[in-house]
Amino acid sequence: MSSNPFQKRREEIFNLKALRERRSITTMPDAIPVQQCTTICPKCGHALTLDELEANLHVCRCGYHFPIGSHYRLQLTMDPGTIREIAKGVKPFDWLHFPGYPEKLKAQRKKSGSTEGVSAVRGKIGGYPVVVAAMDTRFFMGSMGSAVGERITQAIELAERKKWPLILFCASGGARMQEGIISLMQMAKTSAAMERLSRKGVLSVIVLTHPTTGGVTASFAMLGDITLAEPGALIGFAGPRVIEQTIGEKLPEGFQRAEFQQEHGFVDQIVPRRDMRKTLIQILRLHDRS
């Protein structure tokens, strides 16, 4: 831990946010909350207590991976005491004066404890310096507005300047409708930043988590050198229901899930949450040797 009292305080605040996320149940719309401390797994129907979830990194015994907050995910991934937040001052803005948007932003901040749908940091994993950004479905479903796009772009650009490997944990419902065309512009902005990173020969690792959809999938989430995914993650542009209604046909079982995407070449490896840090260290070690 840093001897700088200000940095020490920032680390304490970050760890408190991670603790709050670890001790809470983050559910998707398909999960069924039973009590404050219990939820039912949407895959197998098993009732899980908070203690069970915490002990198993919010993974059910059937293998279903519950979404987790960005601070908790970063804490699971990074070396203790090395996390330094970047682009924290970049906040969402009501560009279009969209009715009710400021109030919803305020409510999302209070509910999630975060200021946006992504947290970006620099630090170390297994002793290797890295830049990492983790998206957070607890804040507007991780939708990509101008602040999300800017934070991710700043993370990419820092990795480019430092020539440090970039790791992006993706989880999003797509573009943020309250920011209209400004939101859609982030697709081009982040994609251009990823192209510049690639030209410099800097390693980029994408980790697709449940769900990764919409404009995020259509931009930076598909532009990494190595693409990993958590088991069962929904990965696609439009959702299965929309596609079925559009083409008028029944989709195959498991369509758009991580396993399906791996079979069709969109994902390099499926990695359970418990093995993610170890896998990333192996990738960083191989990259460092090369």
Rounded to the nearest 0.5 Å, what's the gap from CE on M194 to OG on S204? Could you check? 4.0 Å
Indicate, with yes or no, if L280 and V132 share a hydrophobic cluster defined by side-chain heavy-atom contacts under 4.5 Å among Ile, Leu, Val, Met, Phe, Trp and Tyr. yes
Any donor-acceptor pair under 3.5 Å linking the side chain of T217 with the backbone of T212? yes
Where H210 and R257 come nearest, the two heavy atoms and their spacing: CE1-NH1, 3.3 Å
Smallest separation among heavy atoms of V148 and E116, with atom names: CG2-OE1, 3.1 Å
Are more than 12 heavy atoms from other residues, nucleotides or ligands located less than 6.0 Å from atom CZ of F266? no
So if I apply the side chain to side chain contact (heavy atoms under 4.5 Å, CB included) rule between E230 and each of I270, I235, T209, which one comes out positive? T209
Closer than 3.5 angstrom, by distance alone: can the side chain of E21 be matched with the main-chain N or O of Y72 as a donor-acceptor pair? yes
With a 3.5 Å distance limit and no angle check, can you tell me whether H71 reaches the backbone of N15 through a side-chain donor-acceptor pair? no
Determine the minimum heavy-atom distance between I243 and A238, stating which atoms define it. CD1-O, 3.7 Å
Tell me if the centroids of the rings in H287 and Y128 come within less than 6.0 Å of each other. no
Examine distances only and state if a side-chain atom of E195 and a backbone atom of S191 form a donor-acceptor pair shorter than 3.5 Å. no
For the pair L76 and M276, evaluate side chain to side chain contact (heavy atoms under 4.5 Å, CB included) and give the outcome as yes or no after the intermediate values. CA-CA 9 Å; L76 289 175; M276 187 62 70; over 6 Å; no
Taken to the nearest 0.5 Å, the spacing of I206 CD1 from D268 CG works out to 11.0 Å
Mind checking whether L74 and V131 sit in one hydrophobic cluster, side chains of I, L, V, M, F, W, Y counted as touching below 4.5 Å? no
Decide, yes or no, whether a salt bridge links R61 with E52 under the criterion of side-chain N to carboxylate O below 4.0 Å. no
Answer whether the closest heavy-atom distance between the side chains of Y64 and C44 falls below 4.5 Å. no
To the nearest 0.5 Å, what is the distance between CG on L53 and CG on L48? 5.0 Å
Got F169 and T77 here, is their nearest side-chain heavy-atom distance under 4.5 Å? yes
Tell me whether E85 is salt-bridged to K17, with the criterion being a basic N under 4.0 Å from an acidic carboxylate O. no
Worked check of side chain to side chain contact (heavy atoms under 4.5 Å, CB included) between L228 and I283: CA-CA 11 Å; L228 309 178; I283 292 171; 4.1 Å; yes
side-chain hydrogen bond (donor to acceptor under 3.5 Å, both in side chains), paired with T115, selected from K91, R151, Q108: R151
CA sep, side-chain torsions, deciding dist, call: L203, I226, side chain to side chain contact (heavy atoms under 4.5 Å, CB included): CA-CA 8 Å; L203 174 68; I226 298 173; 4.3 Å; yes
Using a 6.0 Å cut-off, check whether atom CE of M222 has over 12 heavy atoms from anything other than its own residue. yes
Check for me, please, whether V202 and I86 land in the same ILVMFWY cluster - side-chain distances under 4.5 Å, paths through other members count. yes
Applying a strict under-4.5 Å side-chain criterion to I, L, V, M, F, W and Y, I'd like to know whether L57 and M78 cluster together. no
If you look at every heavy atom in S70 and D136, which pair is closest and at what distance? N-OD2, 3.1 Å
Can a donor-acceptor pair be found, under 3.5 Å and without considering hydrogens, that links the side chain of T137 to the backbone of G142? no
Tightest non-hydrogen contact, residues R138 and S114, listed as NH2-OG, 3.2 Å
Establish whether V130 and V205 are linked, either directly or via other cluster members, by ILVMFWY side-chain heavy-atom contacts under 4.5 Å. yes
Reported CG-to-CZ distance for the pair N56 and F66, which is rounded to 0.5 angstrom: 11.0 Å
Does the E259 side chain pair with the main chain of G232, one donor and one acceptor, at a distance under 3.5 Å? yes
Distance (rounded to the nearest 0.5 Å) between C170 SG and L208 CG: 5.5 Å
Take atom NZ in K124; do more than 12 heavy atoms of anything else shown fall under 6.0 Å from it? no
Go through the steps to decide whether K104 and F140 satisfy the test side chain to side chain contact (heavy atoms under 4.5 Å, CB included), and finish with yes or no. CA-CA 9 Å; K104 287 184 177 180; F140 267 108; 3.7 Å; yes
Are the side chain of H65 and the backbone of R273 linked by a donor-acceptor contact shorter than 3.5 Å? yes
How many angstroms lie between atom CZ of R84 and atom CZ of R122, to the nearest 0.5 angstrom? 6.5 Å
Please report the closest heavy-atom contact between S219 and M187, naming both atoms and the distance. CB-O, 3.6 Å
Taking D94 for its side chain and F98 for its backbone only, find out whether a donor-acceptor pair lies under 3.5 Å. yes
Should P92 and R109 count as side-chain neighbours, where that means a heavy-atom distance under 4.5 Å? yes
For E103, does the CD atom have more than 12 heavy-atom neighbours from other residues, nucleotides or ligands under 6.0 Å away? yes
Can you name the one residue among V118, L184, V216 that meets side chain to side chain contact (heavy atoms under 4.5 Å, CB included) with M144? V216
Charged N-O contact under 4.0 Å between E11 and K8: no
Should Q178 and S143 count as side-chain neighbours, where that means a heavy-atom distance under 4.5 Å? no
